[in-house]
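Below is one structure, written out as structure tokens; comments come after it.
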Amino acid sequence: MPEGHSIHRLARQFSDVFLGQRLAVSSPQGRFGDGAALLDGRVVESASAHGKQLFLDFEGGLVLRVHLGLYGAWDFGGDETFAGASSIGAPRRVGEREIADDGGTRLSAAPPPPRGAVRARLVSDHGWADLRGASTCTVETVAEALAVRDRLGPDPLAGRVPGQGRGRGPGEEKPGDDGEEFARRITRRRTPVARLLMEQDIVAGIGNVYRAELLYRARIDPATPGTDLGADRAAALWRDAAATMSQGVRDGRIVTTDPALWTDGPDTLPAPVEAHYVYRRHGLACRTCGTAVMLAEEAGRKLYWCPRCQS
DNA sequence: CGACAATGTCGAT
DNA sequence: TCGACCTTGTCGC
């Protein structure tokens, strides 16, 4: 259940460990058989992300596009070369749970027998990656992948993830700030801002945790129509999304609370129970004012907010 | 061990 | 608005 930060982290991981490598691609589960055959034996030219879409560019103009959906995840393993190349610590698992890296790099270049339904398996000389549970795993032309990216809104993490998007690919990060484009899109509609933040053609990469936490941090009522936001609050939301989600890329977790609130001090990451202001804190006291955090079901997703701070 | 929820999105109604 | 998708951790019996 990844939001954009996890996908950018994955893109960096793929750049680190597979860039320039020739991969054996297979589909132990079988549901990706045709795509695997198309990519098998090709060299990876770039890896990038836009919002929750992951793009792996292979030689010959073929792109592997993956969306993890609700419960997709990648598992990694490899030898010392593979682990040493990873700037995110060669996590064994990225994408599904907000868990810290357990440090348990599998020091074996050979992948284990597939466990469960492995839809795609990528194997280099030094390591491997297994994909399971993804909602989308498809091979496309560069033009097709670009069309998917172009349907998305601006991504607050674009150009903010070091080492990602090297080479020229469909998910290539453009440096620069798309805050004005975000403001145009979100202030054009009367829909409540809580819903607009989840729409990937308004802004790409925000999910149910970040939308609740960003609205709390900005003290914005989730019911505020986009048209009432104003350019100033829209710009502030964009800046905070970029800063907060960048930390998520670095930490491999969503942490939105002020370090001053962490009982173990600001020098380590907080316990999970201290990582959020409102998400999953229904009925608990707001960390700022003590009012009970509210919960409402909205468009099939749970929305959390503080009725006092955010009014 | 079964039920259920979960950081997502699409397509049918 | 609802079920499908199809994985996994958590909780209750």
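As the structure is a computational prediction, the values presented were derived from the model and not from experiment. Below, chain A is the first sequence line, B the second, and so on; all start at residue 1.
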ask   = Are any side-chain N or O atoms of A/H276 and backbone N or O atoms of A/I254, one a donor and one an acceptor, separated by less than 3.5 Å?
value = yes
ask   = How many Å lie between CD on A/Q53 and C1' on B/dG8, as a whole number?
value = 11 Å
task = Please report, rounded to the nearest Å, how far the P atom of B/dT7 is from the OH atom of A/Y304.
result = 7 Å
Pair assignment for C/dC2, Watson-Crick or G-U wobble, requiring both distances under 3.5 Å = B/dG11
query = What interatomic distance, in whole Å, is found between C1' of B/dT9 and the corresponding atom of C/dG9?
reply = 22 Å
ask   = Which part of the nucleic acid does A/Y279 contact within heavy-atom distance under 4.0 Å: base, sugar-phosphate only, or nothing?
value = sugar-phosphate
Rounded distance (Å) that lies between atom P of C/dG9 and atom CG of A/D75 = 10 Å
ask   = Atom CG of A/L197 and atom P of B/dT7: how far apart are they, to the nearest Å?
value = 15 Å
inquiry  = Categorize A/A117 for me: base, sugar-phosphate, or nothing, with a 4.0 angstrom heavy-atom threshold over every strand shown.
reply    = sugar-phosphate
message = Under 6.0 Å between ring centres: does that hold for A/F58 and A/F18?
response = no
query = Taking CD1 from A/I254 and C1' from B/dT7, how many angstroms apart are they, rounded to a whole number?
reply = 5 Å
Side-chain N or O of A/H67 closer than 4.0 Å to phosphate OP1/OP2 of B/dG8 = no
ask   = Which pairs, with at least one residue in residues 294-307 of chain A and sequence neighbours excluded, count as a salt bridge (Lys or Arg N to Asp or Glu O under 4.0 Å)?
value = A/R195-A/E298, A/R211-A/E298
task = Look at the side-chain N and O atoms of A/R301 and state whether any lies under 4.0 Å from the OP1 or OP2 oxygen of B/dT7.
result = yes
request  = State whether A/E213 and A/R217 are salt-bridged, where the test is any N-O pair (Lys NZ or Arg NE/NH1/NH2 against Asp/Glu carboxylate O) under 4.0 Å.
outcome  = no
ask   = Under a 3.5 Å cut-off for both distances, is B/dG2 Watson-Crick or wobble paired, and to whom?
value = C/dC11
query = Between A/L131 (CG) and C/dT7 (P), how many Å, whole number?
reply = 11 Å
task = Could you check how far CZ of A/R211 sits from P of B/dA6, rounded to whole Å?
result = 12 Å
task = May I ask you to verify if any side-chain N or O of A/K52 is less than 4.0 angstrom from the OP1 or OP2 atom of B/dT7?
result = no
query = To the nearest 0.5 Å, how far apart are OG1 in A/T263 and CD in A/E274?
reply = 3.5 Å
Separation of the C1' atoms in B/dC10 and C/dT8, to the nearest angstrom = 22 Å
Separation of B/dT7 P from A/E213 CD (nearest whole Å) = 12 Å
